[in-house]
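Beneath this line is the structure, given in structure tokens, with notes to follow.
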Amino acid sequence: MKRLIALLLLSTPALALAQAENGPNGADTAWIMTATALVLFMTLPGLALFYGGLVRSKNVLSVLMQCFTIAGAVSVVWFLFGYSLAFGGNGAWIGDFSKLMLVGVGHDTLNGTIPESLFMMFQMTFAIITPALIVGGFAERMKFSAMLAFSLIWLVVVYAPVTHWVWGGGWLQEMGLYDFAGGTVVHITAGVAALVAAMVLGPRKGFGSSALMPHNMTMTVAGAGMLWVGWFGFNGGSALAADGYASMAILVTHLSAAMGTLTWLTIEWIRYGKPSMLGAATGMVAGLGTITPASGFVGPGGAVVIGLLAGIVCFSATNFLKKVLKIDDSLDVFPVHGVGGMLGTLLAGVFSATTLGVFSGYGFAEGIGSMAGQLKVQAIGVIATLVFTAVATWIILKLLDAVIGLRVSDEEETQGLDLSQHEERGYDL
Amino acid sequence: MKRLIALLLLSTPALALAQAENGPNGADTAWIMTATALVLFMTLPGLALFYGGLVRSKNVLSVLMQCFTIAGAVSVVWFLFGYSLAFGGNGAWIGDFSKLMLVGVGHDTLNGTIPESLFMMFQMTFAIITPALIVGGFAERMKFSAMLAFSLIWLVVVYAPVTHWVWGGGWLQEMGLYDFAGGTVVHITAGVAALVAAMVLGPRKGFGSSALMPHNMTMTVAGAGMLWVGWFGFNGGSALAADGYASMAILVTHLSAAMGTLTWLTIEWIRYGKPSMLGAATGMVAGLGTITPASGFVGPGGAVVIGLLAGIVCFSATNFLKKVLKIDDSLDVFPVHGVGGMLGTLLAGVFSATTLGVFSGYGFAEGIGSMAGQLKVQAIGVIATLVFTAVATWIILKLLDAVIGLRVSDEEETQGLDLSQHEERGYDL
Amino acid sequence: MKRLIALLLLSTPALALAQAENGPNGADTAWIMTATALVLFMTLPGLALFYGGLVRSKNVLSVLMQCFTIAGAVSVVWFLFGYSLAFGGNGAWIGDFSKLMLVGVGHDTLNGTIPESLFMMFQMTFAIITPALIVGGFAERMKFSAMLAFSLIWLVVVYAPVTHWVWGGGWLQEMGLYDFAGGTVVHITAGVAALVAAMVLGPRKGFGSSALMPHNMTMTVAGAGMLWVGWFGFNGGSALAADGYASMAILVTHLSAAMGTLTWLTIEWIRYGKPSMLGAATGMVAGLGTITPASGFVGPGGAVVIGLLAGIVCFSATNFLKKVLKIDDSLDVFPVHGVGGMLGTLLAGVFSATTLGVFSGYGFAEGIGSMAGQLKVQAIGVIATLVFTAVATWIILKLLDAVIGLRVSDEEETQGLDLSQHEERGYDL
Amino acid sequence: MKLITAIIKPYKLDDVRDALGELGIQGMTVTEVKGFGRQKGHTELYRGAEYVVDFQPKLKLEVAVAADRVEDIVEAIRNAANTGKIGDGKIFVSPLEDAVRIRTGERGPEAL
Amino acid sequence: MKLITAIIKPYKLDDVRDALGELGIQGMTVTEVKGFGRQKGHTELYRGAEYVVDFQPKLKLEVAVAADRVEDIVEAIRNAANTGKIGDGKIFVSPLEDAVRIRTGERGPEAL
Amino acid sequence: MKLITAIIKPYKLDDVRDALGELGIQGMTVTEVKGFGRQKGHTELYRGAEYVVDFQPKLKLEVAVAADRVEDIVEAIRNAANTGKIGDGKIFVSPLEDAVRIRTGERGPEAL
Ligand SMILES: Nc1ncnc2c1ncn2[C@@H]1O[C@H](COP(=O)(O)OP(=O)(O)O)[C@@H](O)[C@H]1O
Ligand SMILES: Nc1ncnc2c1ncn2[C@@H]1O[C@H](COP(=O)(O)OP(=O)(O)O)[C@@H](O)[C@H]1O
Ligand SMILES: Nc1ncnc2c1ncn2[C@@H]1O[C@H](COP(=O)(O)OP(=O)(O)O)[C@@H](O)[C@H]1O
């Protein structure tokens with residue numbers, strides 16, 4: 001987040017204020033409006049299609065519906081009090097209710113150089129995609145009602161506080177955590193929550209014994225392309241300005257995605273004799289997720305290495321989870337986003353170093369003098385987010401299971417969620 | 001439209017001129033180029049996919065083809081004289097021929113702070129989507145030739161004048177009508193025209209007796225997502241600037257879409273026991289269409305109420321039309337866009353009030369002192385647009401029916417329009 | 001390219017420098033970041049879907065995979081040395097290694113008014129789409145390994161030098177060639193390479209005797225819509241600024257696409273009795289490809305004529321290639337992009353004239369006084385690009401054929417590339 | 001028992017089902033098939049390349065019935081599926097030696 | 001030889017194939033079909049328009065076997081496909097006069 | 001009359017149709033089916049999860065013919081569909097008791 005950079009670079013509040021008092025910047029506003037559209041586009045239809053293609057035909061609408069409903073419900077909650085909890089006040093742990101329903105925000109209320117309404121919208125698109133990512137963990141077996149309840153409670157209990165810690169002036173931000181666009185806030189929280197959900201719900205019927213194949217890889221690839229493009233808004237927009245920081249964030253994002261793609265498909269090529277389209281797309285997402293926390297701090301040389309490591313590590317994690325741990329994280333949210341988010345948050349502490357020659361980045365956080373120092377902060381960020389998310393998610397799910405039940409019946413699962421939850425079918429060709 | 005706001009705020013022409021003389025604004029230009037791309041994206045492929053998925057497999061290409069051909073043909077007509085009819089001169093009822101073929105428009109000709117070529121393009125994308133929306137009313141039964149003739153005649157006879165009334169300096173604009181991004185100009189005209197077309201053409205074979213089901217809901221959802229994102233350009237771009245007005249317009253647009261989604265699916269959930277993906281997507285479109293005229297004038301609190309009402313009213317209208325009136329408006333253009341446009345135009349007169357606490361907006365039009373006053377203007381705008389569109393559309397269709405015939409033969413309809421009109425098939429999987 | 005214009009208008013380096021020293025422009029940066037996203041969107045998922053829908057079901061993933069892998073691999077090569085070869089130094093024929101791995105490029109390094117990292121990214125998206133276009137020439141029969149090797153070698157041997165000639169300060173740019181956004185650099189090179197590839201590889205099994213039909217026209221149309229929208233970034237972004245030049249480039253681009261669409265479908269309507277969706281979409285691409293080199297130099301009147309000619313000429317070329325020459329350029333890359341690129345590069349020399357009344361453009365290149373003079377330069381550009389590309393592509397392919405073999409076995413071709421190259425299937429509905 | 005197999009035009013399915021329903025037949029199995037016959041296909045053009053699509057989409061209905069009902073049923077299908085135009089399709093009758101209802105194990109005509 | 005045709009619920013395919021495999025039967029041909037029968041469909045609502053989807057997705061298995069194996073195989077299919085719920089499907093047995101293996105030209109039971 | 005049912009490799013359809021055309025047979029009905037047999041499928045990997053796709057896509061051709069033409073036709077199909085490789089498929093011959101042309105009501109061999 002550019003805000004973060006601003007806070008770090010301009011260490012005196014007076015200066016920060018001065019910048020804000022400079023008034024609105026049209027170019028920054030133009031870019032962040034665009035970036036906001038791009039990030040919404042990542043979820044709708046991007047992620048929805050990416051995920052939708054990977055499930056079986058009988059469940060495709062349930063996944064699309066989950067993404068859509070989350071977009072709707074999260075937006076309203078974010079407006080009512082979510083934004084205030086994340087970005088209101090100066091608490092170390094959680095925001096306050098000062099920005100409830102955007103009270104007092106008008107056309108000319110600013111956040112930095114852009115309208116606050118825009119900052120809130122941009123953040124809202126992040127708040128939408130994070131629970132939408134979790135859908136991949138419990139896909140093809142969760143009740144729609146439970147999914148909706150879970151997503152909203154999780155938004156308030158997990159997402160809002162972690163956002164506050166990292167971007168809202170909370171303790172991790174104070175400590176100098178480098179998370180430019182959401183390695184901890186978005187990817188670790190979503191990945192860990194998906195893993196916990198997969199474990200609490202248990203595997204899909206037939207997991208391990210019969211084929212639970214993607215029903216439409218062309219849909220998945222269409223979504224993957226949209227994710228790649230949309231991610232320019234995700235990371236580039238996090239600079240909150242139309243400047244060299246934003247451009248560089250886009251460049252490193254793109255290079256990491258490219259390397260992730262190539263790495264994953266190369267591993268498959270070597271190991272299985274053939275590279276696959278799904279492998280390429282998954283590597284791309286791994287590259288994107290991993291560079292996310294680092295994207296404002298590293299240079300293009302570092303980005304290439306990050307993409308390479310993303311491919312290797314996330315590939316291994318995917319196989320480990322599926323083949324060794326035999327956990328049915330349906331669409332591999334944890335190994336790709338969770339592991340990628342952790343890896344990237346740590347690597348942000350490495351490749352932000354200015355002393356790595358062609359792999360150099362743009363320096364550590366204000367007040368942190370060494371890679372070890374930055375890495376320590378990064379590790380604290382990773383662990384805190386991981387542990388908090390895991391525990392909170394587990395509790396939410398267990399409670400919900402007791403109250404309304406999480407999983408559809410066996411018969412409904414066999415029939416498919418499209419018919420059992422929505423009385424609709426994806427195709428009638 | 002920002003232009004409108006400018007006209008209203010800067011009530012003396014001299015001042016308006018002064019602003020124009022300030023010269024071009026790069027940020028505004030950057031944003032409106034982006035918005036123009038987003039609005040084109042709403043039609044191609046957005047609306048084309050949204051509509052295409054809802055028809056039967058044998059007619060999918062005909063719908064895509066109609067959207068594509070309209071995009072091509074409207075653009076050329078708009079360039080030749082459509083734009084001039086809508087935005088040339090100062091007549092109360094219709095423009096003039098002063099801007100035929102953009103005579104005299106160069107790189108540095110401005111409209112406000114943006115190049116006139118860009119203003120004309122931005123408006124062109126609105127002129128494209130409006131007849132494309134009507135396609136939903138006569139889908140699956142109209143001859144391609146008749147469709148093309150109708151769309152172009154309608155553009156000139158209905159769309160261009162109404163645009164002039166509301167945005168081109170015509171009588172409704174003079175009167176102070178609030179239509180920020182096209183509640184009257186786009187949604188009421190398209191909705192009413194679709195209804196008239198559905199009535200003149202008569203229902204599809206099998207309407208009411210057999211299943212005329214959507215053939216590909218995933219395509220419809222992909223299109224719905226694109227509409228949501230593209231609408232940021234539609235409403236946000238209508239500010240014609242990259243500023244707090246544009247940002248706020250995007251925020252209220254998004255919130256209304258979110259509430260529309262939630263409302264429609266909740267009604268279904270209560271009434272039928274299950275919420276549907278198509279319901280969610282339809283509620284979203286209803287929310288978007290309804291906020292459109294109001295999007296520059298209301299605050300986020302008002303937007304939430306508008307989205308809620310959009311869901312309730314458009315849901316009821318859809319059922320009423322289908323079950324009570326038994327009119328085969330194939331893809332429900334009138335109950336969603338027409339009714340939504342009317343509702344939104346009226347609500348713009350309510351929630352622009354500054355005295356509604358958290359539901360307040362940003363004030364009535366210059367010279368209008370009360371909600372009753374604004375509402376009266378809004379009602380006049382709604383009724384005038386509705387009546388004029390209905391009559392003109394009916395006459396155009398009746399004439400065309402007499403001259404070239406509107407509807408394909410029974411056999412062609414049974415075979416499907418893809419083969420009978422285009423000798424192509426959508427799928428060969 | 002705006003750079004080009006700048007170079008031509010500001011003929012003294014001092015002045016050019018002065019402009020650069022003006023520092024970064026946020027609005028230009030905002031727009032070019034957007035344009036970069038739009039051009040990437042043209043390839044992923046735009047072109048991938050456009051092409052993917054046109055092949056048979058058993059090869060759809062191979063096409064998507066080729067586009068994805070090219071995006072990944074080209075990006076990395078571009079970063080390592082491709083960009084430097086194209087835009088480093090001042091050689092007449094080829095760049096140098098001064099910008100290897102973007103050495104020395106930081107947040108505030110500029111290229112004109114935008115960050116150099118952004119200029120490099122924007123150009124990267126062009127370097128991605130060009131080899132991706134070639135995929136259409138050899139689709140459904142090339143080995144994945146050969147495709148990858150070919151694409152990368154071709155990028156370095158053909159694309160980088162031609163880019164340098166035209167945009168990197170090379171001999172064609174010096175001579176005053178008008179190629180705003182890639183008629184020679186992108187479309188002629190891709191079209192000619194596709195033709196040569198089609199000839200070297202030979203036709204697909206069954207070409208001419210059995211049906212090699214598109215398997216999913218809805219996918220193709222979705223991609224076509226994305227291409228149309230994305231092209232606003234392609235041509236509008238090539239102004240490298242958010243100004244009247246960019247706006248006008250978008251307007252002429254749009255009008256040419258519209259006329260191309262209408263022209264192609266009208267010819268079909270007259271000749272075959274029915275207009276087709278694929279015809280409309282192909283005409284659109286022809287219109288877009290043809291206006292590309294001219295888009296910064298011609299006015300809207302000229303654009304309409306260019307679109308008309310694009311439709312007529314590319315339609316004829318497609319039929320000629322398929323029916324007379326019987327060359328199996330699978331997805332008609334040469335007749336649409338190659339021929340369109342040549343036509344457009346020549347027409348840029350015509351419609352840039354300021355003396356054509358309503359069809360006037362914005363003047364010839366600095367130092368060129370007549371249409372004949374400009375046309376001569378344009379013709380040299382076309383011929384040089386054509387000959388160089390043809391020869392170099394032929395040599396690369398022949399060498400690769402000898403070393404690793406270009407084509408899959410008969411059996412693999414019958415089975416389909418999805419299974420034989422990637423062990424995946426597109427659909428399991 | 002006999003197996004009656006009818007190849008019909010797709011849009012006639014509802015009519016045929018209604019006709020069979022009136023005869024008390026409710027079970028049947030339907031398959032989407034491609035029919036080649038006297039009824040010719042059409043030519044599609046994709047960018048100038050002609051593709052002759054020489055099959056017609058048809059539905060195949062399979063109905064297992066007791067032997068004595070064959071004539072009625074054949075007649076009913078014929079009446080319902082008939083348009084008088086080429087390509088209306090065929091009805092085939094073939095012997096069926098046994099039938100089993102999986103759920104109950106009933107055999108013979110009771111299983112239908 | 002006989003042709004055994006079974007209409008089963010789609011998710012039972014693996015079970016049936018396993019059961020047949022145990023009897024040494026490995027060849028069969030499977031078709032996706034729409035089944036109409038006692039088992040009723042469901043109603044889908046699209047924006048208030050009700051569509052009764054009255055067919056059930058089923059799979060049709062065709063297995064050609066030597067005449068003396070019919071009983072065993074019918075029994076095996078029945079056991080594997082049985083859920084006790086309505087809509088479990090049917091097994092039909094019909095006469096088969098000849099069979100040819102295209103590759104070798106073998107005829108009769110050897111061809112299977 | 002007899003019903004000849006052939007399971008063939010999909011890309012052999014045109015050859016078989018040509019061969020039948022030469023024998024004067026023009027009507028037939030074709031279904032897309034999944035074949036299980038000696039010819040093995042392949043394994044697909046999706047993010048490390050292995051899915052054994054053990055069926056082969058095949059086409060099923062059904063041709064009703066007069067009894068005396070059976071041998072010629074079987075032979076023609078066999079020749080046209082044969083590649084000598086495993087998985088070439090089967091031809092089955094079964095009895096057909098009646099055939100009706102829906103359009104005209106003709107019955108028996110005339111109806112074909
Ligand atoms: N000999 C045959 N064996 C199997 N099916 C046939 C045969 N002849 C025709 N059919 C099927 O019947 C359909 C209709 O036949 P066609 O010759 O077109 O018209 P008609 O039914 O009017 O004689 C064909 O599309 C095909 O599916
Ligand atoms: N008379 C029949 N002829 C052919 N197929 C039938 C017949 N009756 C039923 N079927 C098939 O068997 C399936 C199951 O039949 P149904 O009556 O629903 O339940 P059950 O098998 O329990 O009797 C149907 O969906 C249909 O495909
Ligand atoms: N007993 C059988 N009953 C029905 N169909 C069979 C039988 N055996 C094989 N088939 C069909 O024939 C196809 C080819 O059989 P397969 O054993 O693979 O090779 P081959 O034809 O060379 O013996 C299978 O895919 C299946 O569709």
Side-chain angles (χ1 to χ4, degrees), chain A residues 25-28 30-31 34-35 38 56-57 211 213-218 221-226 228-230 232-233 236 241-248 250-251 254-255 257-262 265 272-278 280-281 283-284 299-301 304 307 358 362 426-427 429, chain C residues 24-34 36-38 40-41 43-46 48-49 52-53 60-62 64-65 67-69 71-76 79 101-103 105-110 114-115 117-118 120-121 124 144 216 219 222 242 418 421-429:
Chain A
N25 179 311
D28 295 348
W31 168 237
T34 306
L38 285 170
R56 285 162 295 168
S57 182
M213 287 173 64
H215 87 285
N216 191 343
M217 277 299 301
T218 71
V221 175
M226 294 173 187
W228 193 332
V229 172
F232 285 15
D243 59 10
Y245 286 83
S247 304
M248 190 56 88
I250 290 179
L251 175 58
H254 183 83
L255 287 174
M259 274 307 290
T261 304
L262 295 180
L265 76 84
Y272 308 126
K274 295 182 185 181
S276 79
M277 180 64 244
L278 181 56
M284 177 208 83
V304 167
V358 78
Y362 302 103
Y427 307 92
L429 296 175
Chain C
N25 179 313
D28 295 348
T29 303
W31 168 237
I32 302 305
M33 289 194 288
T34 306
T36 300
L38 284 170
L40 181 62
F41 186 55
T43 306
L44 298 180
L49 294 178
V60 58
L61 291 186
S62 76
L64 303 182
M65 179 74 172
C67 293
F68 245 84
T69 309
V74 164
S75 300
V76 174
F79 163 66
M101 291 187 77
L102 285 187
V103 164
V105 170
H107 285 137
D108 35 20
T109 317
L110 295 185
I114 63 170
S117 60
L118 180 56
M120 178 268 195
M121 260 298 291
M124 184 193 285
F144 179 71
N216 191 342
M219 185 187 279
D418 290 2
Q421 303 296 296
H422 310 294
E423 208 72 84
E424 274 178 308
R425 279 168 305 138
Y427 307 92
D428 182 29
L429 295 175

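These numbers come from a predicted model, not from an experiment. Reminder, nothing fancy here: chain letters follow the sequence lines and each chain counts from 1.
- Contact of T218(A) with chain C is made through backbone and side chain together, with heavy-atom distances under 4.5 Å.
- Both the backbone and the side chain of V221(A) have a heavy atom closer than 4.5 Å to some heavy atom of chain C.
- Residues M277(A) and L64(C) share a closest heavy-atom pair of SD-C, 3.7 Å.
- Per-residue heavy-atom pair counts under 4.5 Å with chain A were compared for Q421(C), M101(C), M121(C), and the maximum is reached by M121(C).
- Looking at L429(C), both its backbone and its side chain come within 4.5 Å of chain A, counting heavy atoms on both sides.
- Proximity of M65(C) to L265(A): side-chain heavy atoms (C-beta onward) are separated by under 4.5 Å at one or more points.
- Residues M33(C) and S247(A) are in side-chain contact: their nearest non-hydrogen atoms beyond the backbone lie under 4.5 Å apart.
- Contact of the T69(C) side chain with the T261(A) side chain is not registered, since no non-hydrogen atoms from C-beta on lie closer than 4.5 Å.
- In terms of heavy-atom pairs under 4.5 angstrom with chain C, the leader among W31(A), W228(A), Y427(A) is W31(A).
- Contacts between A246(A) and chain C at a heavy-atom distance below 4.5 Å involve backbone atoms as well as side-chain atoms.
- Taking D28(C), T43(C), D428(C), V103(C) one by one and counting their heavy-atom pairs under 4.5 Å with chain A, the maximum is reached by D428(C).
- For chain C, the option among G244(A), P214(A), G236(A) with the highest count of heavy-atom pairs below 4.5 Å is G244(A).
- Only the side chain of P115(C) comes within less than 4.5 Å of a heavy atom in chain A; its backbone stays farther off.
- Residues E423(C) and S276(A) are not in side-chain contact: their nearest non-hydrogen atoms beyond the backbone lie 4.5 Å or more apart.
- The side-chain heavy atoms of S75(C) and H254(A), taken from C-beta on, include a pair separated by under 4.5 Å.
- The choice from I32(C), N25(C), V76(C) that makes the most heavy-atom pairs within less than 4.5 Å of chain A is V76(C).
- Of the possible donor and acceptor atoms, one in the side chain of H422(C) sits under 3.5 Å from a partner among the backbone N and O of P275(A).
- In this structure, chain A has a heavy atom under 4.5 Å from the side chain of E424(C), while its backbone stays farther away.
- In this structure, the portion of L102(C) lying under 4.5 Å from any heavy atom of chain A is its side chain and not its backbone.
- Ring-centre distance between Y362(A) and H107(C): below the 6.0 Å cut-off.
- Nearest approach of L251(A) to S117(C), heavy atoms of both residues: CD2-CB, 3.9 Å.
- Residues T36(C) and F232(A) form a side-chain contact, since some pair of their non-hydrogen atoms from C-beta on lies under 4.5 Å apart.
- The residue among R56(A), M217(A), K274(A), M213(A) with the most heavy atom pairs within less than 4.5 Å of chain C is K274(A).
- The most heavy-atom pairs under 4.5 Å with chain A, out of G46(C), A71(C), A37(C), A27(C), come from A37(C).
- Rounding to the nearest 0.5 Å gives a distance of 9.0 Å between OG1 of T34(A) and CG of L38(C).
- Between F68(C) and A224(A) the shortest heavy-atom distance is CZ-CB, 3.8 Å.
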Tell me, with the steps shown, if T29(C) and D243(A) meet side chain to side chain contact (heavy atoms under 4.5 Å, CB included). CA-CA 6 Å; T29(C) 303; D243(A) 59 10; 5.6 Å; no
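- Using a 4.5 Å heavy-atom threshold, the side chains of M248(A) and D108(C) count as separate.
- With a 4.5 angstrom heavy-atom cutoff, A73(C) touches chain A via backbone and side-chain atoms both.
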